Amino acid sequence: MQRDLLAPPKIKPRKYGWIVLGYSALAVIVNGIRAWYDNISVGELLNSSTRIAIVGVAAVLVYRRLHRAFLTTKIDHRQTISLTMLCLAIVACWGALEFALNWGDRIGSVMPWWMLPMMIAGMYFNRRIGNSLHCPKCEYECRYDDPSQVPWECPECGTIWRGRLLRGRRNRSPKRIAAVLVITLAFYFALSPVFYMGYLAPRLPTSLLCGMLYAAPTSSYTAWDELATRPLGDWGTRTMAERVLCLRTGRHDSGQGTEWLEKLEAAGSLPADLLERYYHEGFEADLIVPDRVKVGQEFTVNLRVTRCSRGGRNNLGLFFAGYTVGESSQPVGRRNETQWAFELRPDYFSRHRDVLPQTLVVEQPGEVPVRVEYWLVCLPSFWPQLHWQENGTPTMPKDALWFERVVLEKKISVN
């Protein structure tokens with residue numbers, strides 16, 4: 001990177017503010033798009049957007065202060081200020097994207113923050129010292145005392161250098177390069193707990209292990225397995241469980257933490273309210289029907305799934321009892337096979353998934369209710385079969401961990 005770190009910044013604070021404003025607005029738009037696809041709550045969306053705004057405002061204020069300091073400080077200190085301003089731009093851009101793409105997980109899980117020292121080193125390797133002038137291509141020193149006598153081309157390589165001369169002699173040090181590479185690797189490993197948490201987890205005290213997993217919940221399976229063997233107490237259990245539940249945004253679970261939560265459930269250590277929240281927040285669906293239809297006209301209804309989280313070891317299944325129209329007690333579209341989560345879950349780039357479509361007909365005018373009935377069941381395996389009883393309800397599997405009946409109803413106008 002050819003950059004004169006002694007030259008005044010080309011971007012004025014006002015222009016820099018507009019650039020940060022545009023970039024922050026783009027990050028907020030990305031934030032909103034991801035919230036739309038992942039069904040993020042309004043509160044979480046506002047929280048993430050507020051963080052983006054704070055990062056942008058802080059970047060502009062610091063840049064303004066550094067710009068003023070650059071113009072008033074000694075020439076020996078200008079390189080440090082110039083490097084700081086460049087790093088500030090990187091941190092501001094990456095910080096906005098981090099909060100736009102990352103929901104509650106550890107900082108550094110989206111943007112490659114470990115590369116920051118390497119990028120700083122790339123600028124630092126090309127730093128210049130002194131006040132001499134050099135060709136931008138071959139580093140030939142311009143020693144003309146009278147600026148009017150400086151030729152248009154470099155005598156050494158023939159490059160047009162008038163107006164492009166770089167101030168200061170380039171200074172490179174192999175020891176400095178090696179030191180920066182070591183720091184870069186240290187950053188990489190420090191921000192990637194997956195490399196060391198498995199080894200450290202058995203050797204850490206419980207309080208420190210909880211703190212590290214709270215800050216980096218996707219760090220290591222073995223670390224969560226180790227936490228499952230530690231007595232946490234009521235406060236510790238609730239704190240860590242709520243952290244895992246908060247990460248279950250959109251269509252997906254938090255992976256390692258979910259398995260730890262399920263182990264607490266199997267041991268009977270999970271509070272009842274958190275257990276109920278774990279199951280209820282794992283599946284969300286809505287009944288989709290047309291607003292108006294004509295008497296005797298066929299229309300299609302379906303179940304729109306907006307959330308179907310992936311469990312760690314437990315398997316979510318749906319026993320579909322069918323649709324009913326009006327006062328009819330005879331369901332239509334009942335399924336004799338269990339509908340599993342992988343058949344119901346929205347695709348990665350879809351906000352919902354329409355499943356279990358059925359064609360219905362209404363023979364009477366007026367406001368007619370349409371209902372859908374299904375049972376949600378959580379099982380440790382895919383082996384249990386679905387059996388319907390004579391009263392229209394399914395037989396609850398013996399090894400079911402959770403079993404709940406759900407009825408949704410909407411009215412349509414028939415004329």
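Nothing here was measured: the structure is a model prediction, and the numbers come from that model. This chain uses plain numbering: 1 for the first residue, then up along the sequence. The figures here come from the full heavy-atom set of this structure, side chains too, leaving out hydrogens, waters and symmetry mates.
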**Request:** State whether the number of non-hydrogen atoms from other residues, nucleotides or ligands found under 6.0 Å of Arg292 atom CZ is greater than 12.
**Result:** no

**Prompt:** Just wondering, do Val244 and Tyr278 contact through their side chains at under 4.5 Å, heavy atoms?
**Reply:** no

**Asked** Is there side-chain contact between Met212 and Leu204, with at least one heavy-atom pair below 4.5 Å?
**Response** yes

**Message:** Run the side-chain hydrogen bond (donor to acceptor under 3.5 Å, both in side chains) test against Asp399 and tell me which residues pass, sequence neighbours left out.
**Reply:** none

**Asked** Thinking salt bridges, do Glu409 and Arg371 make one under a 4.0 Å N-O criterion?
**Response** yes

**Prompt:** If we only count heavy atoms from C-beta on, is the Glu373 to Pro331 side-chain gap below 4.5 Å?
**Reply:** no

**Prompt:** Could you go step by step and tell me if Phe319 and Phe403 meet the side-chain contact (heavy atoms from CB on, under 4.5 Å) rule?
**Reply:** CA-CA 10 Å; Phe319 296 164; Phe403 193 72; 3.8 Å; yes

**Message:** Do the side chains of Lys263 and Glu259 get close enough for a salt bridge, i.e. N-O under 4.0 angstrom?
**Reply:** no

**Complete:** When rounded to the nearest 0.5 Å, the distance separating CD of Glu262 from CG of Leu275 is 10.5 Å

**CD on Glu226 to CG on Leu200, rounded to 0.5 Å** = 11.5 Å

**Prompt:** Does a sphere of radius 6.0 Å around CD in Glu367 hold more than 12 heavy atoms from other residues, nucleotides or ligands, not counting ones at 6.0 Å or beyond?
**Reply:** yes

**Prompt:** Is it true that atom CZ of Arg65 has more than 12 heavy atoms of other residues, nucleotides or ligands lying nearer than 6.0 Å?
**Reply:** no

**Request:** Decide yes or no on side-chain contact (heavy atoms from CB on, under 4.5 Å) for Thr237 and Leu264, but give the supporting numbers first.
**Result:** CA-CA 9 Å; Thr237 300; Leu264 286 184; 3.7 Å; yes

**Prompt:** Under a 4.5 Å cut-off applied to non-hydrogen side-chain atoms, are Thr324 and Val332 in contact?
**Reply:** no

**Request:** Using modelled atom types only, decide if a donor and an acceptor are shared between the side chain of Lys410 and the backbone of Leu287 within a distance under 3.5 Å.
**Result:** yes

**Item:** Sole residue of Leu360, Leu408, Thr359 in side-chain contact (heavy atoms from CB on, under 4.5 Å) with Tyr323
**Value:** Leu360

**Interatomic spacing from CG in Leu227 to CH2 in Trp224 - rounded to 0.5 Å** = 6.0 Å

**Request:** Determine whether Trp388 and Thr395 make a side-chain contact, defined as any pair of heavy atoms from C-beta on separated by less than 4.5 Å.
**Result:** no

**Item:** Residue Asp291 excluded, over 12 heavy atoms near CG under 6.0 Å
**Value:** no

**Prompt:** How far apart are the C-alpha atoms of Asp273 and Arg238, what are their side-chain angles, what is the distance that settles it, and do they pass the side-chain contact (heavy atoms from CB on, under 4.5 Å) test?
**Reply:** CA-CA 10 Å; Asp273 59 325; Arg238 176 171 292 276; 3.1 Å; yes

**Fill in**
Heavy atoms of Leu386 and Pro394 approach each other most closely as CD1-CB, 3.8 Å

**Request:** Give a yes or no answer on whether the side chain of Glu284 reaches the backbone of Gly282 with a donor-acceptor pair at less than 3.5 Å.
**Result:** no

**Any Val362 side-chain heavy atom under 4.5 Å of Val295 side chain** = no

**Prompt:** Does a salt bridge link Arg230 with Asp225, judged by any charged N lying under 4.0 Å from a carboxylate O?
**Reply:** no

**Prompt:** In Å and rounded to the nearest 0.5 Å, what is the CG to CZ distance from Asn336 to Phe320?
**Reply:** 12.0 Å

**Prompt:** Just by modelled atom types, is the Gly322 backbone N or O under 3.5 Å from a matching donor or acceptor in the Arg334 side chain?
**Reply:** no

**Request:** May I ask you to test the Leu318-Leu356 pair for a side-chain heavy-atom distance under 4.5 Å?
**Result:** yes

**Asked** Under 6.0 Å from the CG atom of Leu61, do we count more than 12 heavy atoms belonging to anything else shown?
**Response** yes

**Asked** Considering all heavy atoms of both residues, which atom of Val60 and which atom of Gly17 are nearest to each other, and what is their separation?
**Response** CG2-CA, 3.8 Å

**Asked** Is there a side-chain contact (heavy atoms from CB on, under 4.5 Å) between Leu261 and Leu245 once you walk through the steps?
**Response** CA-CA 9 Å; Leu261 201 68; Leu245 291 176; 3.7 Å; yes

**Message:** Donor-acceptor pair, distance only, cut-off 3.5 Å: does the side chain of Thr239 make one with the backbone of Gly236?
**Reply:** no

**Item:** Exercise: identify the closest heavy-atom pair between Trp375 and Ala321
**Value:** CZ3-CB, 3.6 Å

**Prompt:** Side chains of Asn302 and Val355: closer than 4.5 Å at any heavy-atom pair?
**Reply:** no

**Item:** Those residues that, when tested against His280, pass side-chain hydrogen bond (donor to acceptor under 3.5 Å, both in side chains) (two or more places apart)
**Value:** Glu276, Glu404

**Complete:** Nearest heavy-atom approach of Cys135 to Thr159 is SG-CB, 4.3 Å

**Asked** Going from CH2 on Trp260 to CZ on Arg243, what distance comes out if it is rounded to the nearest 0.5 angstrom?
**Response** 12.0 Å

**Prompt:** SG of Cys308 to CZ of Phe342: how many Å apart, nearest 0.5 Å?
**Reply:** 10.5 Å

**Request:** Check whether more than 12 heavy atoms from other residues, nucleotides or ligands sit under 6.0 Å from atom CD of Gln389, and answer yes or no.
**Result:** yes

**Message:** Strictly distance-based, threshold 3.5 Å: is any side-chain N or O of Trp402 a donor or acceptor partner for the main-chain N or O of Leu379?
**Reply:** no

**Prompt:** Does Glu139 offer a backbone N or O that forms a donor-acceptor pair with the side chain of His134 under 3.5 Å?
**Reply:** yes

**Prompt:** Which pair of non-hydrogen atoms, one from Val414 and one from Lys294, has the smallest distance, and what is that distance?
**Reply:** CG1-C, 4.1 Å

**Prompt:** Looking at Leu274 and Ala241, what are the two nearest heavy atoms and their distance?
**Reply:** CD1-CB, 3.7 Å

**Message:** For Phe283 and Tyr374, take the angle between the two ring planes, folded into 0 to 90°, and tell me which bin it lands in: parallel under 30, tilted 30 to 60, perpendicular over 60.
**Reply:** perpendicular

**Arg304 side chain vs Asp354 backbone, donor-acceptor pair below 3.5 Å** = no

